[in-house]
Amino acid sequence: MCLLSIDEIFNKIVSSRSLIKDRAVLRADYVPDKLLFRNNEITAVAEVLSPLLKGYRASNLLLYGKPGTGKTAVARYVLKHLQRKANELNIKIALAYSNTKTANREYTMLVELGNSIGLKFPFTGLASSELFTRILNYINNYNLNTVFVLDEIDFLVKRYGDEILYQMTRSNERLENGSLGLVGISNDLNFKEFLDPRVLSSLSEEEVVFAPYSVNELKEILLERVELGFYKDTVNTSAINLCAAIAGSEHGDARRAVDLLRVAGEVAEREGAVKVEERHIRIAEKKIEQDKVTETLRRLPLHEKLVMYSILLADNGITGDVYSKYLELTKKLSIEPVTQRRIGMMISELDMQGLIYAPIINKGRHGRTKKITLAIQHSLLKQAIEEDPLTNGIL
DNA sequence: AGTCCACCGGAAAACATGGCAA
DNA sequence: TTGCCATGTTTTCCGGTGGACT
């Protein structure tokens, strides 16, 4: 595996010219001092939130647009400046941000929001409604004008329904002091259909729609990042163009463009290149895809990993085959198997995550089941199994 | 025309986890 | 502590199903 001695590795790194000057600038969540091409949006958001500076409640606001169109960046940007201004004027406001996709549970989201306005909560054990009541009490007691930014709100709604949002939109009626304004951010343009009309009308008191960046705009954004993040003359112009073109062809996604650029830079550095070229972008494109899969696999719970491996063993198998392989594996590792019903659910989940294909097929006399195949490279899966101390016993 | 396979997927019951209040 | 509660996960139970086969 390891062909180079550790010394050689260090030497190579030291001697190779570094291309990247400031890695942080090249991360997708970096918020620049000046956001390009989003002035209208910034103004709109700032106007909606500005009443806070006078001690009034801010209207609820819905931001939507495709991924990587700057919604999160604009929200954070405005929040940052708002907080700064409030400090300057010595006005007490509380601003909280939560990404409901990474927070992934209603509970975790409330904990995050509570924490960032200064509350402490236990990890588990409380009802969500209890958490929420506490948050409201806190706002009430300290007379805070508050804004909650709920990023990727469509995720929350699709998974857990809009009950919690309903509570939130109604909370101003429960508050005697202070206020709670909501900023919802959604990637999905159709997610409104999932909302109760009462919630929708309240949440979208104001709306800002984010249009995708054009290829030229992407190019400008990349040029700025290159300027800040790379040393002079280390990125080929055609590489930048390619980067912008790739991201542009996928609904003008700036996040993707910046990710591509960073990874390409790393690839080029590692191979000791003098410049980032087009081919580095191509390599980066593949690498990002693979890393995403590896990361998803790594995060999979034990039994789902076993299911994945069972699918590999029973290639082209149907649910029954996969389940019997799975039983063998659990026996080998001497752990308790779960029921086939549960495995069926896991298979559906893995299918939704895009790790496997599991269409239902009819074989007439021979029943009705799912035909299951892996949707990822087998080697990546093997690697993930190997890495995990809980599963490497089955190899 | 009717049977019957091999599982799907909904619903509810059972179990587990962890805070709270007394 | 102990009993209680809410939440989340897994099991149990079971009705449902499209088409190859008789």
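Letters A, B, ... are given to chains in the order of the sequence lines, protein chains preceding strands, and every chain is numbered from 1.
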### Message
I want to confirm an ordering. Mapping A/Gln340 and A/His366 to their closest nucleotides on DNA chain C, which one lands closer to the 5' end?
### Response
A/Gln340
### Task
Determine the contact category for A/Gly344: base if any of its heavy atoms lies under 4.0 Å from a base atom, sugar-phosphate if only primed atoms, P, OP1 or OP2 are that close, otherwise nothing.
nothing
### Task
Please report, rounded to the nearest Å, how far the P atom of B/dC8 is from the NZ atom of A/Lys363.
12 Å
### Message
Would you say A/Arg342 places a side-chain N or O within less than 4.0 Å of OP1 or OP2 belonging to B/dC8?
### Response
no
### Query
What pairs meet the ring-ring contact (aromatic ring centres under 6.0 Å, His included) rule with one or both residues in residues 205-262 of chain A, with sequence neighbours excluded?
none
### Query
With hydrophobic residues grouped by side-chain heavy-atom distances under 4.5 Å, do A/Met352 and A/Ile343 end up in a single group?
no
### Task
Answer yes or no: side-chain N or O of A/Arg368 and base N or O of B/dG9 forming a donor-acceptor pair under 3.5 Å.
no
### Message
Assuming nearest nucleotide by heavy-atom distance, tell me which of A/Arg341 and A/Thr369 is located more 5' along DNA chain B.
### Response
A/Thr369
### Closest-nucleotide 5' rank along DNA chain B - winner of A/Gly364 and A/Ile347
A/Gly364
### Message
Below 30° counts as parallel, above 60° as perpendicular, anything between as tilted: where do the rings of A/His81 and A/Tyr77 land?
### Response
tilted
### Query
Which nucleotide sits closest to the side chain of A/Arg365: C/dA20, B/dG9, C/dT11?
C/dA20
### Message
When you measure from the side-chain N and O atoms of A/Ser348 to the phosphate of B/dC8, is any distance below 4.0 Å, counting only OP1 and OP2?
### Response
no
### Message
Looking only at the side chains, is there a donor atom on one of A/Ser179 and A/Asn145 sitting less than 3.5 Å from an acceptor on the other?
### Response
yes
#### Entry: Interatomic distance, A/Ile360 CD1 vs C/dG18 C1' [rounded to whole Å]
11 Å
### Side chain of A/Thr319 (C-beta onward), nearest among B/dC7, B/dG9, C/dT11
B/dC7
### Query
A/Asn362 has an atom CG; how far is it from atom C1' of C/dG19, in whole Å?
6 Å
### Message
From CG of A/Leu131 over to P of B/dG18, roughly how many Å is that when rounded to an integer?
### Response
16 Å
### Task
Mind calculating the distance between CD1 (A/Ile361) and P (C/dA20) to the nearest angstrom?
11 Å
### Query
When the distance from CE of A/Met345 to C1' of B/dC7 is rounded to whole Å, what number comes out?
15 Å
### Task
Write down the distance between CD1 (A/Ile318) and C1' (B/dA6), rounded to a whole number of angstrom.
7 Å
### Query
A/Arg134 CZ to C/dA6 C1': how many Å, rounded?
14 Å
### Task
Identify which one of A/Arg255, A/Arg256, A/Arg262 satisfies the side chain to side chain donor-acceptor pair (under 3.5 Å) criterion when paired with A/Asp259.
A/Arg262
